[in-house]
Protein chains: 2
Amino acid sequence: MTTPTQLNQGIGAYHRLKADIIHNAFSPGEKLQMSRLKAYYGLGVGPLREALSRLVAERLVVAESQRGFRIAPMSLDELHDIYEARAEIEGLMLRLAIERGDDAWEAEILARAHTLGKVMEVKTPEELLDIWDSRHQAFHTAIVAGCRSSHLMQIRADLFDRVERYRNLWLRETVLSEAALEQKRQEHARLVDVILARDTRAATQMMIDHLMTPVPIITEVMRRHQRG
Amino acid sequence: MTTPTQLNQGIGAYHRLKADIIHNAFSPGEKLQMSRLKAYYGLGVGPLREALSRLVAERLVVAESQRGFRIAPMSLDELHDIYEARAEIEGLMLRLAIERGDDAWEAEILARAHTLGKVMEVKTPEELLDIWDSRHQAFHTAIVAGCRSSHLMQIRADLFDRVERYRNLWLRETVLSEAALEQKRQEHARLVDVILARDTRAATQMMIDHLMTPVPIITEVMRRHQRG
DNA sequence: TTTTTAGTAAAAATCTAAAATATTGTCAGC
DNA sequence: GCTGACAATATTTTAGATTTTTACTAAAAA
């Protein structure tokens with residue numbers, strides 16, 4: 001007896017490749033040579049091309065006809081544009097969520113904020129970063145989920161994948177200090193306050209600012225990388 | 001001597017399949033059998049699977065591991081959600097465009113509005129519909145292009161592809177009457193007015209309403225199809 | 001008799017490996 | 001230094017092999 005529904009290799013390749021790209025295992029613009037990919041992932045060209053085609057649609061990879069595939073380039077321009085698009089869309093979703101959110105939505109936000117606030121009890125700095133990050137993600141997702149639009153949620157998730165590559169550039173060389181965490185905690189608390197007060201204008205503006213804070217830091221990291 | 005850069009079959013298959021799906025050549029949820037696709041498009045499984053994988057990422061096709069591909073289902077729920085997401089995002093883009101648009105932007109809007117208004121001089125009703133549609137599209141694109149965000153433009157284009165399938169359901173059984181065209185023309189004129197007056201609030205609200213008008217009609221068409 | 005279950009054959013999807021096609025790099029000839 | 005043929009390399013495609021699912025039939029259990 002085998003597993004009831006096993007994933008085919010194309011789907012597996014897609015997930016592995018995507019994770020590797022997002023975590024900057026390849027450099028931007030890098031040529032993806034089939035022979036290398038075959039050797040590295042231990043797969044045939046068929047599944048690999050399927051995975052790459054899917055990533056082309058997500059714009060993490062670019063295809064040049066008869067010339068194979070490349071990792072999508074990164075640029076300061078894209079960094080700014082993508083972060084802004086994300087922030088504006090998340091602002092829009094927050095506005096809708098405030099209009100539509102019910103008691104369960106409010107409760108979920110409070111629950112996620114609480115869990116995020118108690119993230120100190122974990123061990124190593126690396127583990128702390130991982131756990132903080134996933135709980136931070138869950139907190140923000142809980143907020144915008146109130147918009148009740150699966151398409152907006154999807155668009156947001158897709159944008160997040162594209163932002164992640166830039167974000168990991170910065171995250172890699174950052175240690176979460178106690179002070180930084182405390183500042184974030186306060187920001188989140190204020191955010192929760194204005195959201196629950198249903199103050200749309202203040203909440204969306206605060207959210208957009210909050211989401212844009214990493215941009216100057218990542219810009220700095222990218223400038224440094226370009227030189228060094 | 002051959003053509004300098006010729007498209008590979010996977011890309012060709014992607015465009016043909018996408019066009020066929022958008023024009024409802026397949027029915028929603030329909031099983032896409034490889035042997036049929038091979039025969040119909042005259043291609044091997046490789047390029048077809050690449051094209052389908054890309055369409056999976058665009059959510060026009062769904063993949064079931066080891067069970068092949070299906071046309072993504074359609075539903076009233078999705079119709080409403082997708083139209084709303086589109087309208088809200090286009091409203092957001094319009095707000096940014098009003099904040100950022102320059103003289104060239106204003107000029108382009110006026111140019112497109114003018115071209116759209118003079119669409120009567122063409123011949124058959126079918127041709128009229130085609131031309132009206134493409135100019136209408138150009139008009140709206142000119143408006144939101146002022147937001148200067150290539151990512152938002154991309155998201156909008158992707159959403160448009162997904163909306164198109166529903167839109168064509170209605171377009172197919174509609175003849176553009178003189179009266180309907182005149183009404184649209186007036187709507188567009190008012191839209192241009194508030195946009196050039198940089199009245200953000202009125203413009204975004206009018207835009208959202210304008211984009212949502214087809215929804216009740218398409219809902220009606222879908223209900224009728226479900227029964228008949 | 002009806003419903004499940006097990007087994008088997010057919011059909012379909014998936015994968016591999018090798019052939020076909022295109023591009024890139026090299027080097028002689030001008 | 002430029003051009004064009006030729007070789008090398010890489011991508012793309014096809015065709016067949018393999019695996020998985022589905023459909024069908026018959027036996028067993030309720």
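Chain A is the first sequence line, chain B the second, and so forth, proteins listed ahead of strands; every chain is numbered from 1.
An OP1 or OP2 oxygen of dT12(D) is reached within less than 4.0 angstrom by a side-chain nitrogen or oxygen of R49(A).
More than 12 heavy-atom neighbours from other residues, nucleotides or ligands sit within 6.0 angstrom of NZ on K31(B).
A pairwise comparison of heavy atoms in R148(A) and D102(A) identifies NH2-OD2, 3.1 Å as the closest pair.
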Check nucleotides 16-19 of chain C for protein N or O atoms closer than 3.5 Å to its own N or O atoms and list the pairs.
residue: dT16(C); atom: OP2; partner: G44(A); partner atom: N; Å: 3.2

Polar pairs (N or O, both sides) under 3.5 Å between protein and nucleotides 5-10 of chain D?
residue: dA10(D); atom: OP1; partner: Q33(A); partner atom: NE2; Å: 3.3

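Partners of R100(B) according to the salt bridge (charged side-chain N to carboxylate O under 4.0 Å, His left out) rule, which considers only residues two or more places apart in sequence or in another chain, are E84(A). Scored by the salt bridge (charged side-chain N to carboxylate O under 4.0 Å, His left out) test, D133(A) finds R167(A) as partners (sequence neighbours excluded). Applying the salt bridge (charged side-chain N to carboxylate O under 4.0 Å, His left out) criterion to E106(A), with sequence neighbours excluded, gives R198(A).
One N or O on the side chain of H188(A) and one on the backbone of K184(A) form a donor-acceptor pair closer than 3.5 Å.
The CZ atom of R36(B) sits 15 Å away from the C1' atom of dA13(C) (whole-angstrom rounding).
Residue pairs meeting the ring pair (Phe, Tyr, Trp, His ring centres under 6.0 Å) criterion with at least one partner in residues 7-52 of chain B, sequence neighbours excluded, are absent.
Side-chain contact check for F160(B) versus E164(B): some heavy-atom pair is nearer than 4.5 Å.
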